[in-house]
Amino acid sequence: MRPLPGFRDFYPEDCARRGYLLDGWRRVARRYGFVEMDGPVLESMELYAKKNESGAEILGQLYQFTDRGERDVAMRPEMTPTLARMVIAKERAYRKPLKWFSTANFFRYERQQKGRLREFIQFNADLIGDGSTAADAEAICLVIDLLREFGFTKDDFVIRLSDRKAWLDFLGARAVADTKTVLAIIDKIEREPEESLNAKLSPHGLTVAELREFIAAGSPEYFAPLLEQFEARGLRDFVEIDLSIVRGLAYYTGLVFEAFDRGKSMRALAGGGRYDDLLADLSDGTVNLPAIGFGVGDVVLGNLIEETPHAFAKMAAALAASPSAEIYVVIADDSRRREALSLVQALRDAGWRTDFPLDSVKVGKQFQTAEQLGARFAIVVGNEWPIVKAKTLATRAEATLAQDALAGWLAKNKDCQQTDSSS
RNA sequence: GUGGCCGUAGCUCAAUGGUAGAGUCCCAGAUUGUGAUUCUGGUUGUUGCGGGUUCGAGUCCCGUCGGUCACCCCA
């Protein structure tokens, strides 16, 4: 009995890691003034079919079926269509710009490999109703801080910036008609051999050399105002201009960007861009709002954390700081179990994560359990009741005190530096 | 959807075509109120599944399922 291919079980330790990512994402997004939203996991097929041009590739990856009411439905493969539907329906109820984020699971029927599964979690953020460079910078800086939150530095990742407008102007000056096809070719410029690229480009009157030259030049005039915003925030070192990025989705209209690990050993950590026409297209012109958005996937980010020692250490420390029990009540004399239970309840009422043996167990075993649970304190309840012993497990320091003095003792000791018991 | 590599205990892995093992983990115990180390004992396998070759298959062949990597595409 295994989960389906590309799907994951989340055992407690996996849930803890997932929680670490989700908590970090939420914390940073709220720091930027974004508010959380969500939509249904199951949507009408119509929603994806409507994006006929832009979503054509993704149609082949849908988990699609007919429900018991004969409706043609699909599991969501991304958030943008749902977001667009929701914005179009209630746009007037919200002050602009909308700064919305979500952490949701998505489904794509495709063959799995490193960094790609059939069910994955993605953080999404969209800034809707503001077409300015300031909005672009806000979105990209959010990406940077989302990654910095997990301990990554400018030496670990980089955001590559590009702009489809720069390309469209370039192609326009050369009277290229089929810009969509050419952008798709540019997207592959680093992956395909030069020969086959030239063969594809020649019908459009272009050569790889020309394109490479344009990429190398970098069109600084398109990016100067944006880069100024990064300078002002002290985040300039996190971004690079790279016109070879155009991204696959057809609905992007201007700025596009992707985040990569510096080793460039993995697929993109995050990606997004400006889609100023999508809402108008989907609403037949009734809602016309510029927008910029991006997604960060949990799988690639998780891989990079695993492979980056300082990020991994940061996660391990965060997880260790949240043990399943902070206090373990050791019942040394089972005839005092009743008193121990009252103490356990009092500790729990006070907010402490508290655990204790459900059965009569040897004291040594109880201490071992306490340590394995990651508890900071053990409280020994025995025949001296109402006198108890309070012990800090990491230092093995023990105090003997009346049980009603325990709250004070815990308050005093909880802020003490915790020594690393693993060494 | 196409192709390469891989599939043995919960985990990491052994086993010239000849009786399936080790470590680890987990459980119990080692003078009945203190954690480590150590020691003892114990559980777990239709060798992914199904065929074939052979006196005999974990091992060789075919198929299938699963994993992994690449293509494609993207998070």
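Below, read A as the first sequence line, B as the second, and so on, with proteins coming before strands; counting in each chain starts at 1.
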Asks: Tell which nucleotide pairs with B:rG63, taking only Watson-Crick or G-U wobble pairs whose two distances are both under 3.5 angstrom.
Replies: B:rC49
Asks: Please tell me whether A:T133 and A:Q229 have a donor and an acceptor in their side chains that are separated by less than 3.5 angstrom.
Replies: no
Asks: Which whole number of Å gives the distance between the P atom of B:rA9 and that of B:rU46?
Replies: 9 Å
Asks: Does A:Q113 have a side-chain nitrogen or oxygen under 4.0 Å from the phosphate oxygens OP1 or OP2 of B:rC69?
Replies: no
Asks: Can you find a donor-acceptor pair, distance only, under 3.5 Å between A:Q112 side chain and B:rU68 base?
Replies: no
Asks: What is the separation between atom CG on A:D359 and atom P on B:rC27, rounded to the nearest whole Å?
Replies: 14 Å
Asks: Rounded off to whole Å, could you give me the CD-to-P distance for the A:E371 and B:rG35 pair?
Replies: 10 Å
Asks: Starting at atom CD of A:E398, determine the distance to atom P of B:rG33, rounded to an integer number of angstrom.
Replies: 14 Å
Asks: Has A:R247 got a side-chain N or O lying under 4.0 Å from the OP1 or OP2 atom of B:rA75?
Replies: yes
Asks: Counting only heavy atoms not in A:E13, do more than 12 sit closer than 6.0 Å to its CD atom?
Replies: yes
Asks: Confirm from the modelled atom types if A:N383 and B:rG33 form a donor-acceptor pair under 3.5 Å, side chain to base only.
Replies: yes
Asks: Heavy-atom count around A:Y109 OH within 6.0 Å, excluding the residue itself: above 12?
Replies: no
Asks: Between the base of B:rU68 and the side chain of A:K114, is there a donor-acceptor distance below 3.5 Å?
Replies: no
Asks: Applying a 3.5 Å limit to both distances, which nucleotide forms a Watson-Crick or G-U wobble pair with B:rC25?
Replies: none
Asks: Which is true for A:L269 with a 4.0 Å heavy-atom rule: it touches a base, it touches only sugar-phosphate, or it touches nothing?
Replies: sugar-phosphate
Asks: Rounding to an integer number of Å, can you tell me how far A:R118 CZ sits from B:rU68 C1'?
Replies: 14 Å
Asks: Can a donor-acceptor pair be found between the side chains of A:S322 and A:R353 at a distance below 3.5 Å?
Replies: yes
Asks: Take atom C1' in B:rC71 and the same atom in B:rC13, then report the distance between them in whole Å.
Replies: 32 Å
Asks: NA contact type, A:G302, heavy-atom cut-off 4.0 Å: base, sugar-phosphate, or nothing?
Replies: nothing
Asks: Distance between the P atoms of B:rU24 and B:rC65, in whole angstroms?
Replies: 39 Å
Asks: Rounding to the closest angstrom, what is the interatomic distance between B:rU8 and B:rU47 at atom C1'?
Replies: 4 Å
Asks: Using the C1' atom as the point on both nucleotides, what is the distance between B:rG45 and B:rA15, in whole Å?
Replies: 15 Å
Asks: Select base, sugar-phosphate, or nothing to describe what A:V380 touches, counting heavy atoms under 4.0 Å on all strands.
Replies: base
Asks: Classify A:E384 by what it touches in the nucleic acid, base, sugar-phosphate, or nothing, heavy-atom distance under 4.0 Å.
Replies: base
Asks: Considering every strand and a 4.0 Å limit on heavy-atom distances, what is the contact class for A:K362: base, sugar-phosphate, or nothing?
Replies: sugar-phosphate
Asks: Looking for any heavy atom pair under 4.0 Å, which part of the strands does A:Q366 touch: base, sugar-phosphate only, or nothing?
Replies: nothing
Asks: Could you tell me if A:D281 and A:Y251 have a donor-acceptor pair between their side chains, going purely by distance under 3.5 Å?
Replies: no
Asks: Nearest-nucleotide wise, let me know which of A:A270 and A:G6 is further upstream toward the 5' end of RNA chain B.
Replies: A:G6
Asks: Under 5.5 Å between ring centres and under 30° between planes: does that hold for A:F106 against the base of B:rA75?
Replies: no
Asks: Please report the distance separating the C1' of B:rC5 from the corresponding atom of B:rC39, rounded so that it comes out in whole Å.
Replies: 43 Å
Asks: Which nucleotide, if any, forms a Watson-Crick or G-U wobble pair with B:rU37, using both distances under 3.5 Å?
Replies: none
Asks: With rounding to whole Å, what would you report as the distance between B:rU44 and B:rG3 at their C1' atoms?
Replies: 37 Å
Asks: Toward the 5' end of RNA chain B, which comes first, A:A397 or A:K188, by nearest nucleotide?
Replies: A:A397
Asks: Just to confirm, is there a sub-4.0 Å distance from OP1 or OP2 of B:rU34 to any side-chain nitrogen or oxygen of A:Q368?
Replies: no
Asks: Among side-chain atoms of A:D126 and A:Y275, is any donor-acceptor pair under 3.5 angstrom?
Replies: yes
Asks: Pairing check on B:rU68: which nucleotide meets the Watson-Crick or G-U wobble criteria with it, both distances under 3.5 Å?
Replies: B:rG4
Asks: Between B:rA75 and A:E258, counting only base atoms on the nucleotide and side-chain atoms on the residue, is there a donor-acceptor pair under 3.5 Å?
Replies: no
Asks: Ignoring backbone atoms, establish whether A:K365 has a side-chain N or O less than 4.0 Å from OP1 or OP2 of B:rU34.
Replies: no
Asks: Determine, using ring centers only, whether A:W100 and A:Y94 are less than 6.0 Å apart.
Replies: yes
Asks: To the nearest Å, how far apart are A:E110 CD and B:rC72 P?
Replies: 13 Å
Asks: Distance check, P atoms only: B:rA75 and B:rG66, in whole angstrom units.
Replies: 26 Å
